[in-house]
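Before we start, here is the structure in question, set down as structure tokens.
Only heavy atoms go into these numbers, but all of them, side chains included; no hydrogens, no water, no symmetry mates.
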Amino acid sequence: MKNFSFEIDNIKKFLNEEELNSESQLVLNSFDTLMSQKGEGNDFLGWLNLPVDYDKSEFDRIKKAAARIRSNSNVLLSVGIGGSYLGAKCCVELFKKYFGNSDLEVIFVGNQISSTYLHELLAYLKDKEYSINVISKSGTTTEPAIAFRVLKAALEEKYGKEEAKNRIYATTDKARGALKTLSDAEGYETFVVPDNVGGRFSVLTAVGLLPIACAEIDIDAIMKGAQDARSIYQVRDTNNDAVKYAAIRNALYNKGYDVELLVNYEPRLTYFAEWWKQLFGESEGKDHKGIYPSSVSFSTDLHSLGQMIQDGKRHFFETVINVETPEFDLNIPFDEDNLDGLNYLTGHTMDYVNKQAMEGTTIAHTNGGTPNMRINLSEVSPYNFGYIVYFFEFACALSAYTLKVNPFNQPGVEEYKKNMFALLNKPGYEELRKELLAKK
């Protein structure tokens with residue numbers, strides 16, 4: 001069984017060979033742009049060779065820090081937003097048990113501004129031993145900065161400043177910024193947010209690896225998966241699956257399919273889709289262009305969104321992630337009364353039923369006019385996580401360049417921040433504040 005495979009047979013009903021070949025050639029041009037490192041945003045290509053070109057000494061420090069955190073804490077608070085938490089969150093959710101706590105609980109905070117959430121978190125922490133990993137290149141991003149200010153004060157009150165500093169780990173700029181300045185002054189152990197890796201591409205840096213390692217997930221295996229993916233996808237060939245995926249996305253987009261649904265049949269993958277949505281949404285959504293990235297969890301969402309996908313506006317296409325072998329499986333038992341009518345399934349497993357639901361849905365949606373492609377993962381494993389992360393990162397860069405946008409900036413994100421700062425009366429935003437208040 002291959003660890004990773006990409007099925008596109010159902011796409012052939014929607015794209016002919018000429019369309020796909022034509023788009024593939026455009027993606028190969030994007031491949032050349034990416035690999036030459038001369039395209040727009042080339043200052044942020046550190047992720048491209050990161051699986052082999054990373055700081056090995058920092059990698060070892062990450063593992064040692066994770067062991068130290070696990071030895072003295074029941075909880076790790078990972079404070080960050082956007083790319084500073086989604087990669088780690090999706091990985092931790094992928095491998096943690098559905099029920100029951102592990103020895104160390106990783107809680108992600110600072111990704112919203114809910115006072116109720118933070119109040120309840122502080123109450124929850126009162127009888128817990130905990131540490132903090134604050135993740136911010138600048139240290140001034142509003143959401144995590146507010147959370148860290150509150151949580152740091154609570155930590156210092158609980159342990160005293162001297163002990164608290166040994167429980168705070170900062171992942172930030174290597175040389176400058178508010179968080180780096182504070183860390184140096186207080187004596188926090190620090191890890192680096194690389195200058196040449198943007199947040200949504202940063203899961204394989206200390207940004208993602210420290211919380212992941214704290215959750216006892218094998219980060220060596222993750223990097224090995226990414227290394228193997230890099231060696232495969234950095235080959236200029238139309239048979240390259242990353243090239244195929246980027247070509248299919250753009251060819252469908254040109255035909256009016258402008259919403260992509262990342263589909264899972266295993267709830268563990270729900271937060272992986274959240275990471276994927278930021279990766280593609282923030283990379284491609286520019287100049288009034290871009291495929292809208294969305295996600296669904298089947299079969300659950302077949303009972304809510306299935307009608308829209310089957311019979312609604314024909315602008316959806318689906319990318320299904322299929323886990324071929326579940327971690328556990330269950331046999332469906334025989335029932336003497338058979339009131340639910342399920343005895344015909346006796347002897348089959350739940351995963352067998354799940355797979356038939358996937359096949360039946362694929363046929364229905366494809367026949368109903370929704371293009372469908374499938375990524376098969378042999379299993380949920382750290383190796384496969386690293387592999388598929390690199391696959392999507394590489395394909396995303398190719399797809400965005402083919403769309404003729406810069407994959408590595410996010411100018412639109414700054415608009416809400418400026419308005420928020422002005423409405424909060426932050427110094428330096430007085431004129432904008434007047435303009436906004438006048439419009440109310």
Exam field: side chain Thr366 to backbone Ile363, donor-acceptor pair closer than 3.5 Å: no

Residues which pass salt bridge (charged side-chain N to carboxylate O under 4.0 Å, His left out) with Asp32, listed by chain and number, not counting sequence neighbours: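 Once residues adjacent in sequence are excluded, the partners of Asp32 under the salt bridge (charged side-chain N to carboxylate O under 4.0 Å, His left out) criterion are Arg236.
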
Option from Ile146, Val134, Leu125 for which side-chain contact (heavy atoms from CB on, under 4.5 Å) with Leu151 holds: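 Only one option passes, and that is Leu125.
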
Asp301 side chain vs Phe298 backbone, donor-acceptor pair below 3.5 Å: no

Over 12 non-hydrogen atoms of neighbours within 6.0 angstrom of NZ in Lys56: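 Buried by this count: over 12 neighbours within 6.0 Å.
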
CA sep, side-chain torsions, deciding dist, call: Tyr233, Glu393, side chain to side chain donor-acceptor pair (under 3.5 Å): CA-CA 10 Å; Tyr233 298 125; Glu393 288 180 344; over 6 Å; no

Under 3.5 Å donor-acceptor, Asp173 side chain and Ala175 backbone: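 Here the side-chain-to-backbone pair exists.
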
By side-chain hydrogen bond (donor to acceptor under 3.5 Å, both in side chains) - contacts of Ser22 (at least two apart):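 For Ser22, no residue satisfies side-chain hydrogen bond (donor to acceptor under 3.5 Å, both in side chains) once neighbours in sequence are set aside.
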
Which residues share a side chain to side chain contact (heavy atoms under 4.5 Å, CB included) with Ala154, sequence neighbours left out: Leu122, Tyr130

Exceeds 12 heavy-atom contacts within 6.0 angstrom, atom OH of Tyr98: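 Yes, OH of Tyr98 has more than 12 neighbouring heavy atoms, counting only those of other groups under 6.0 Å.
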
Lys128 NZ: over 12 foreign heavy atoms closer than 6.0 Å: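 Correct, the count exceeds 12.
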
Side-chain donor-acceptor contact under 3.5 Å, Thr190 with Ser183: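 Distance-only check fails for Thr190 and Ser183.
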
Flag for Ser24-Lys244: side-chain donor and acceptor within less than 3.5 Å: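 No donor-acceptor contact under 3.5 Å links the two side chains.
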
Salt bridge (Lys or Arg N to Asp or Glu O under 4.0 Å) between Glu318 and Arg374, worked out: CA-CA 8 Å; Glu318 293 174 305; Arg374 184 181 300 175; over 6 Å; no

Where Ile219 and Lys63 come nearest, the two heavy atoms and their spacing: CD1-CG, 3.6 Å

Distance-only donor-acceptor check, side chains Gln234 and Asn49, under 3.5 Å: yes

Sidechain-backbone polar pair: Gln227 side chain, Pro51 backbone, donor-acceptor under 3.5 Å: yes

Under 3.5 Å donor-acceptor, Lys137 side chain and Val193 backbone: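 Side chain of Lys137 to backbone of Val193: a pair is present.
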
Ring centre gap for Trp275 and Tyr271 strictly below 6.0 Å: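 So the answer is no for these two rings.
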
Under the salt bridge (charged side-chain N to carboxylate O under 4.0 Å, His left out) test, residues paired with Lys417 that sit two or more places apart: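 Lys417: salt bridge (charged side-chain N to carboxylate O under 4.0 Å, His left out) contacts with Glu414.
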
Ring-face cation contact, Tyr383 with Lys224, 6.0 Å cut, 45° max: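 No, Lys224 does not sit over the ring of Tyr383.
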
Identified side-chain contact (heavy atoms from CB on, under 4.5 Å) counterpart of Leu76 within the set Ile132, Leu210, Leu104, Ile107: Leu104

Electrostatic pair Lys96:Glu105 at N-O distance under 4.0 angstrom: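 Result for this pair is no, no salt bridge flagged.
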
Polar side-chain atom of Ser295 near backbone of Leu262 as donor-acceptor pair, under 3.5 Å: no

For Ser399, all residues meeting side-chain hydrogen bond (donor to acceptor under 3.5 Å, both in side chains), sequence neighbours excluded: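 Once residues adjacent in sequence are excluded, the partners of Ser399 under the side-chain hydrogen bond (donor to acceptor under 3.5 Å, both in side chains) criterion are Arg249, Asn250, Glu284.
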
His365 and Asn372 side chains, donor-acceptor separation under 3.5 Å: no

Salt bridge (Lys or Arg N to Asp or Glu O under 4.0 Å) between Glu324 and Lys355, worked out: CA-CA 9 Å; Glu324 294 179 317; Lys355 294 294 194 294; over 6 Å; no

Contacts of Tyr124 that satisfy ring pair (Phe, Tyr, Trp, His ring centres under 6.0 Å) - sequence neighbours left out: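 Tyr124 satisfies ring pair (Phe, Tyr, Trp, His ring centres under 6.0 Å) with no other residue.
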
Glu7 side chain to Asn376 side chain, donor-acceptor N/O pair below 3.5 angstrom: yes

Partner set under salt bridge (charged side-chain N to carboxylate O under 4.0 Å, His left out) for Glu23, not counting sequence neighbours: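 Glu23 satisfies salt bridge (charged side-chain N to carboxylate O under 4.0 Å, His left out) with no residue once adjacent residues are dropped.
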
Gap between atom CD of Glu186 and atom CG of Asp184 - 0.5 Å precision: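 If we round to the nearest 0.5 Å, Asp184:CG and Glu186:CD are 10.5 Å apart.
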
Main-chain N/O of Arg70 paired with Ser73 side-chain donor or acceptor, under 3.5 Å: no

Polar contact flag, side-chain donor to acceptor under 3.5 angstrom, Thr349-Asp351: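 No - no donor-acceptor pair under 3.5 Å links their side chains.
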
Aromatic contact, Phe317 with Tyr253 (centres under 6.0 Å): no

Shortest non-hydrogen separation from Ile135 to Val207 and the atoms involved: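 Minimum heavy-atom contact is CD1-O, 3.5 Å.
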
Check: Asn354/Ser299 side-chain N/O donor and acceptor closer than 3.5 Å: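 No pair is found: no donor N or O on one side chain lies under 3.5 Å from an acceptor on the other.
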
Pair Glu163-Arg167, salt bridge (Lys or Arg N to Asp or Glu O under 4.0 Å): steps then yes or no: CA-CA 7 Å; Glu163 172 61 17; Arg167 289 174 173 270; 3.0 Å; yes

side-chain hydrogen bond (donor to acceptor under 3.5 Å, both in side chains) involving Glu143 - partner list, sequence neighbours excluded: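 Here the qualifying residues are Tyr416.
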
Flag for Lys286-Asn409: side-chain donor and acceptor within less than 3.5 Å: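 The answer is yes; a qualifying pair exists.
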
Leu15 side chain near Lys255 side chain, heavy-atom distance below 4.5 Å: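 Contact flag for Leu15/Lys255 side chains = yes.
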
Centroid-centroid distance, Tyr54 to Phe59, less than 6.0 Å: yes

Of all pairs that satisfy ring pair (Phe, Tyr, Trp, His ring centres under 6.0 Å), the ones with a partner from residues 193-218, not counting sequence neighbours: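 Found Trp47-Phe201, Phe201-Phe408.
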
Side chain Arg314, main chain Gly368, donor-acceptor under 3.5 Å: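 Side chain of Arg314 to backbone of Gly368, a donor-acceptor pair under 3.5 Å: yes, one is there.
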
Pairing residues for Phe4 by the ring pair (Phe, Tyr, Trp, His ring centres under 6.0 Å) criterion, not counting sequence neighbours: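 Residues passing ring pair (Phe, Tyr, Trp, His ring centres under 6.0 Å) with Phe4: Tyr387, Phe391.
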
Test item: Thr172 and Ser136 side chains (from C-beta on) under 4.5 Å apart, heavy atoms: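 Side chain of Thr172 against side chain of Ser136, heavy atoms only: no contact under 4.5 Å found.
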
Side-chain ion pair, Glu93 and Lys89, N-O less than 4.0 Å: yes

Side chain Glu260, main chain Thr319, donor-acceptor under 3.5 Å: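 Between the backbone of Thr319 and the side chain of Glu260 there is no qualifying donor-acceptor contact (under 3.5 Å).
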
Modelled atom types, side-chain donor and acceptor of Gln307 and Asp311, under 3.5 Å: yes

Listed partners of Tyr169 passing side-chain hydrogen bond (donor to acceptor under 3.5 Å, both in side chains), at least two apart: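 Residues passing side-chain hydrogen bond (donor to acceptor under 3.5 Å, both in side chains) with Tyr169: Arg68.
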
Partner set under ring pair (Phe, Tyr, Trp, His ring centres under 6.0 Å) for Phe421, not counting sequence neighbours: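 With neighbours one apart ignored, the set is Tyr429.
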
Flag for Ser138-Thr140: side-chain donor and acceptor within less than 3.5 Å: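 Ser138 and Thr140 do have a side-chain donor-acceptor pair below 3.5 Å.
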
